[in-house]
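Read the structure below first, then the notes.
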Amino acid sequence: MLEKYKQAVTVCSRCGMCIVGENGYICPVQQHSGGFDPSVARGRNQIARAILEGRLKYSDELMESTFTCLGCDNCHEQCGRVDPRTGEKLIDEGKITRALRVDLVKAGYGPPEPLKAVDANMEKVHNPFGEPEGRRSAWAAGLNLPVRGDTVYFAGCYAAYRNPKIARATVAVLQKGGVNVAYLGENEWCCGVPELWDGNAPLSEEVIQHNVEALKAAGAKRVVTSCAGCFHALKSDYPEIIGKLPFEVVHSSEVIADLIASGKITLDTEVATTFTYHDPCHLGRYEKVYEPPRAILKSIKGAKFVEMPRNKNNAWCCGGGSVVAVAFPDLARDIADDRVQEAKGTEAEAIVSACPLCENGLTQSARKAKMEVYDLSVVVANAMGMHV
Amino acid sequence: MVTMAIRHHHLHDPLAAIVGSKYVADEDFVLETYSRDISAFPGSMPGIIVRPGTTEEVSEIVKLANRTGYPIVLKGGGQAGGGVTKGEPTRNIVIDMGRLDKVEVDIANLKATCGAGARNSRIDDALRPYGYYANTVIGPYFTATIGGVTSGIAGAGFGKNVSSVGCNWGHILGLKVVLPTGDIITTGAGPDSNIYRKDIEFREVTGPDLTSLFIGSGGALGIITEVAIKIYPIPKYSKAASYVFDTMENIWAAQLKMAESPTVLYTNLIMFEMANHMVRAMAGDMHGYGALFMAVEGDSEADVDLRLKEIEKICTGFGATRGTPALNHYAATGATGTGAFVHDVCAMSCPFMTWESMSTRSQSLEYAKRMLDILNNQFKEENAKYRTSGGLYTVPIANTMLIGITIHWDDTVPGVEEHNRKLWKAGADFMLKNGTFSAYAQGNHSSSISSAWSPTYYKVMSGIKKTLDPNNILNPGLWNL
Ligand SMILES: Cc1cc2nc3c(=O)[nH]c(=O)nc-3n(C[C@H](O)[C@H](O)[C@H](O)COP(=O)(O)OP(=O)(O)OC[C@H]3O[C@@H](n4cnc5c(N)ncnc54)[C@H](O)[C@@H]3O)c2cc1C
Ligand code: SF4
Ligand code: SF4
């Protein structure tokens, strides 16, 4: 698979602009590990090139190092290597890392042990946690959601199994705004993000095929997700892997911001809190959705909004990306601590994110720092006077 | 935390005892990433990499190297264009200086004391809240380290004010250096120097100027671990201008005329040929031989405007027309500034090899033409075959003119690197015979520079090297010493 990126890794100019930028250091992994060059895009591209040119062999150590990348896309964002004719970026480090992981796994190296368990769960019960399939729709109990409709809410595994409040809040807000929301029930499988990142290409394709068929069968014209990871996977990875989709994919923050702008909902229950917003990498850098969550937070009655120094396209990852939280939990925690300290340095009392994975990753660190972390949908529901 | 499982280099444990095992790596894939710079010069595979966090740790590493006979090679930001130091391939201990990145700001004494691994942009990041800046570099602003710039390029490099204040050596107050024996010394007034002070304080210290010995030395004589630099208040007003000229003669005449002006007209002035792909893209419908980019700074807007007016008079006097807004933007943020723009420009310019040297002002036009002749005529067919191209740029510095030609290529073309080395050598031979300075004091290039040294200069330098580095442990082979 790496062969596909030969041109990209060969044109990497070794300029190192993926190490430091206008907002300081770029790679969270480099800052929270030994800091050697393989952690950053410059190093990984040289490694990939050496492999493709037959100068370097796979090893367990290389596998381990490659699996520490968060896929946070910050290096890709900063890289200035573009096609001079089209202005398009030439080096998509996330894709290169994923391809390297696929080839490593194919060659018998990895994935790291905790990810093997994730894969086994996925094969058996189609979620990374190994939870019974029958429990997937438990969050929707009592909501009487239809299983067919134009707008289908894709909850994702985190909201379904770990933080049902997010799914319930999202649906409640959308319904209040007049959106008829359907869901897939137990027919929803994991979006495939773990497999896209853990080198298991065949399994990722299988779940992608399944979800697309399920969404088609549900009559979806628009799929709404409240998880940044699911959102990017469905919106960009799915069509790249299996071709054009017959439905549109949107993030709940985009829909909610539209509902506010059109006056269909108002956030008029006072919330006297100073919020800051953590941009999930898969919503921000990958899909360029920066403004809707901010617009939402700014429209909450009584609330104040402040930015962290590293925000939008320069935001620091929560540490949980690309299954690093599963494979290297200590590394993920260090990076989350770093992000929470940044938030703590502002006058914010609470961090809001628009991804259950970010919320989960930041919560432990925030507890130590005596800060709160919320998902955007829950904040919105509260600001509409709903308690989910 | 991430741990690497296999440890196969026998210096691993002793080095880990100095810096902690997290900061030692010897896996093949890590070594690969430390084997090259941004040029087409062949790489040199290290034996082991270590990332020390203090001067004392650097000193212990050097002492260990002396005891065990393993050579040391240095890595700052990896922005060298003259090749990495060959040392002894597969045996070198590469010291990655990146963890020595602290910047201490001392406004009362107008200085910043920077760890050698601090990236240039990080120094300004630390100074900006106080309203100050440091003279560092333009191009590798975000990536190169202050240690790598001080040691790896002639005159300690040049930054966005070079045309008005000269190369960086003059802004350096003193250095902390680990000598090749492991001893620690401070140049300038400071601890471990001839006049004891707690911190590095003042360059003009009693006795020979040791600071200069290490500037541009490429790391052959010592490892810089701290650089104390003078800092300056950020000027209140900064404007930019660009002009497009029809002929090489006119653009030269305008540059020389402006440089002669008794009032300093600009903080920096850079000339690029219009053929430069970045300039071409920004020039829109404008055509001509080349463009001048100028930054003008000052504490009063009237003063800045006055100087811009004089610049305009001189440029239009030589037939120039004002540049497009895009060219002006480049003048403000790219060619003569530091910022995101430079960041992107660098990614697009690398990999490269460069003929960067200086010529006396009076001979500079002829000198540039002869260098261009090598690029455009002597290697015309081969350059076309390998899709190698190059572009001229100039910067007036002190009493000379810096003439640079960067050679660009597409790494995907088979055989291109070998061709580039051949091409580069032809230009290097010319500039060593005819130039007054050759910028990249690094790896392969240092050896070609030293081949042009006079026998007496070589004798003095090898005497100094032998005295400081009796076991030839530090960057062996650099300068052919
Ligand atoms: C795109 C581009 C644009 C450039 N533009 C400019 C410019 O505008 N102005 C300018 O002045 N230069 C410019 N340069 C040159 C650059 O500043 C030098 O190559 C510089 O030496 C790079 O520093 P580094 O930290 O990357 O060092 P490295 O590449 O890591 O090392 C360079 C040399 O320095 C030595 N070295 C590194 N650290 C130390 C240390 N702590 N103590 C002793 N020796 C050490 C090494 O042994 C080596 O010989 C440019 C380079 C590039 C690639
Ligand atoms: S990935 Fe981009 S920014 Fe990083 S070294 Fe390569 S070209 Fe430069
Ligand atoms: S994607 Fe993020 S974690 Fe991975 S190399 Fe790039 S900056 Fe580092």
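Chain letters run A, B, ... following the sequence lines, proteins first and then strands; every chain starts at 1.
Annotation: A:K57, atom NZ; neighbour count of heavy atoms from other residues, nucleotides and ligands within 6.0 Å does not exceed 12.
Interface summary for chain B: among A:I91, A:L90, A:I51, A:I47, the most heavy-atom pairs under 4.5 angstrom belong to A:I47. Of the residues considered (A:D60, A:I19, A:N23, A:V82), A:V82 shows the highest number of contacts with chain B, using heavy-atom pairs under 4.5 Å. Counting heavy-atom pairs under 4.5 Å between each of A:K6, A:Q7, A:R42 and chain B puts A:R42 at the top.
The backbone N or O of A:A315 lies less than 3.5 Å from a partner atom in the side chain of A:R285, making a donor-acceptor pair.
Contact of B:S121 with chain A is made through the side chain alone, with heavy-atom distances under 4.5 Å. There is no contact between A:S39 and chain B, counting heavy-atom distances below 4.5 Å. Looking at B:E32, both its backbone and its side chain come within 4.5 Å of chain A, counting heavy atoms on both sides. Contact annotation for A:R333: neither backbone nor side-chain heavy atoms come within less than 4.5 Å of a heavy atom of chain B. In this structure, chain A has a heavy atom under 4.5 Å from the side chain of B:Y34, while its backbone stays farther away.
A salt bridge does not link A:R55 to B:D28: none of the charged nitrogens lies less than 4.0 Å from a carboxylate oxygen.
A cation-pi arrangement, defined by a distance under 6.0 Å to the six-membered ring centre and an angle within 45 degrees of its axis, is present between A:R98 and A:W197. In this structure, A:R310 forms a cation-pi arrangement with A:W316, its terminal cationic atom sitting closer than 6.0 Å to the ring centre and no more than 45° off the ring axis. In this structure, A:R101 is positioned above the aromatic face of A:F67, its NZ or CZ under 6.0 Å from the six-membered ring centre and within 45° of the axis.
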